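Numbers here are sequence positions counted from 1. Everything quoted here is computed from the prediction, not taken from an experiment. The analysis underlying the following values was restricted to heavy atoms, covering all of them including side chains, and did not include hydrogens, waters or symmetry mates.
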Amino acid sequence: FLFQGDSITDGNRGRNLDPNHIMGHGYAYSVASRIGADFPDKCFTFYNRGISGNKITDLQKRWESDTLALKPDVLSVLIGINDVNAIINNAPEATSLEKFEGIYRTLLEDCRRANPEILFVLGIPFVYAVGKRAQNWEQWRDLTQARQEVVRKLAGEFDAVVVDYPAVLDKAMHQTPAEYWIWDGIHPTVFA
């Protein structure tokens, strides 16, 4: 099992072989610990290669060494919010929606060629009007929604499992304000 993405995946993961910290403290840790506890006889191996601040182009640059070389049977990807941030901040490395989709598709195709039986788990990127995200909220929302649609489209093309984070978070926010779940509009708290 390989988890790829940005800071939400990274979860402050360890960068050595220390098994207490290698998965970080985010969703990759939660998923790996649950599957590992439920199926100890399978001796599954879990890798977290999320890197804070990564955009789709960053994944592309490290795809060979941090994805293909690990030969995953299950690949979980959550990416896109830093691509939105780059556009909002007019960063020179910002990518268009079309380029985002093209690179993402190519990365998945590369994995499918390497392992035709690979199972993709694609996370839907999310953002909420909390903290600094409340500024330029319409832009944050619209650019993120466009990337959400790309991920849903790719999930259909690659017969992927979809993790609809926005749907889960929206439901949770019916009972408790967004700040409880997403402290800065992007990063989940320990409760999410």
Side-chain angles (χ1 to χ4, degrees), residues 1-86 93 95 99-126 147-148 150-165 168 186-188 190 192:
F1 291 74
L2 173 60
F3 298 90
Q4 269 294 7
D6 53 32
S7 59
I8 301 164
T9 303
D10 184 323
N12 200 28
R13 68 179 171 89
R15 290 339 198 234
N16 58 36
L17 298 179
D18 173 0
N20 290 326
H21 302 100
I22 198 157
M23 293 305 294
H25 60 256
Y27 77 92
Y29 173 82
S30 296
V31 171
S33 64
R34 180 77 268 162
I35 293 172
D38 288 348
F39 303 99
D41 56 311
K42 301 292 185 185
C43 295
F44 290 130
T45 303
F46 298 90
Y47 297 96
N48 182 348
R49 291 298 185 269
I51 296 180
S52 294
N54 267 195
K55 298 175 291 306
I56 195 71
T57 50
D58 298 308
L59 285 187
Q60 182 182 38
K61 290 173 191 168
R62 60 187 183 83
W63 203 246
E64 181 67 41
S65 62
D66 280 358
T67 302
L68 298 177
L70 296 173
K71 300 179 181 176
D73 295 306
V74 178
L75 173 63
S76 172
V77 181
L78 176 58
I79 197 77
I81 201 63
N82 291 313
D83 296 276
V84 170
N85 186 54
E93 71 276 6
T95 58
K99 188 172 180 180
F100 176 84
E101 181 176 342
I103 293 171
Y104 205 144
R105 180 178 287 107
T106 298
L107 298 179
L108 297 177
E109 288 170 345
D110 290 348
C111 287
R112 179 63 45 84
R113 270 191 299 278
N115 178 0
E117 302 301 317
I118 192 168
L119 172 63
F120 294 116
V121 179
L122 304 185
I124 305 296
F126 53 89
R147 277 141 193 84
Q148 291 172 345
V150 165
V151 174
R152 286 188 176 93
K153 177 181 176 183
L154 293 171
E157 289 177 23
F158 289 88
D159 196 27
V161 173
V162 174
V163 181
D164 194 341
Y165 292 107
V168 172
I186 293 174
H187 297 94
V190 68

Between atom [atom1] of [X] and atom [atom2] of [Y], what is the distance when rounded to the nearest 0.5 Å?
X	Y	atom1	atom2	value
Ile79	Tyr104	CD1	OH	8.0 Å
Ser76	Leu2	OG	CG	8.5 Å
Ile186	Ile81	CD1	CD1	5.0 Å

Would the number of heavy atoms belonging to other residues, nucleotides or ligands and lying under 6.0 Å from OH of Tyr29 be above 12?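 Counting other residues, nucleotides and ligands, OH of Tyr29 stays at 12 neighbours or fewer.
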
For atom OH of Tyr47, decide whether the heavy atoms of other residues, nucleotides or ligands shown that lie under 6.0 angstrom number more than 12.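 12 or below, so no.
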
So, for [X] and [Y], which heavy atoms are closest and what is the spacing to 0.1 Å?
X	Y	answer
Ala160	Leu122	CB-CG, 3.9 Å
Asn48	Ala28	ND2-CB, 3.7 Å
Ile118	Pro72	CD1-O, 3.6 Å
Gln148	Pro125	NE2-O, 2.8 Å

So do Thr106 and Asp110 actually touch side chain to side chain, heavy atoms under 4.5 Å?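 Yes, side chains in contact.
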
Less than 4.0 Å between a side-chain N and a carboxylate O, is that true for Arg15 and Asp10?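 Here Asp10 pairs with Arg15 in a salt bridge, since their nearest N and O are under 4.0 Å apart.
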
Between Glu93 and Thr57, do the side chains contain a donor N or O and an acceptor N or O under 3.5 Å apart?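 No, because no side-chain N or O of Thr57 sits under 3.5 Å from a partner of the opposite role on Glu93.
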
Taking the six-membered ring of Phe100 as reference, does the cationic atom of Arg147 (NZ for Lys, CZ for Arg) lie under 6.0 Å from its centre and within 45° of its axis?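 Yes; both conditions hold, so Arg147 lies above the ring face of Phe100.
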
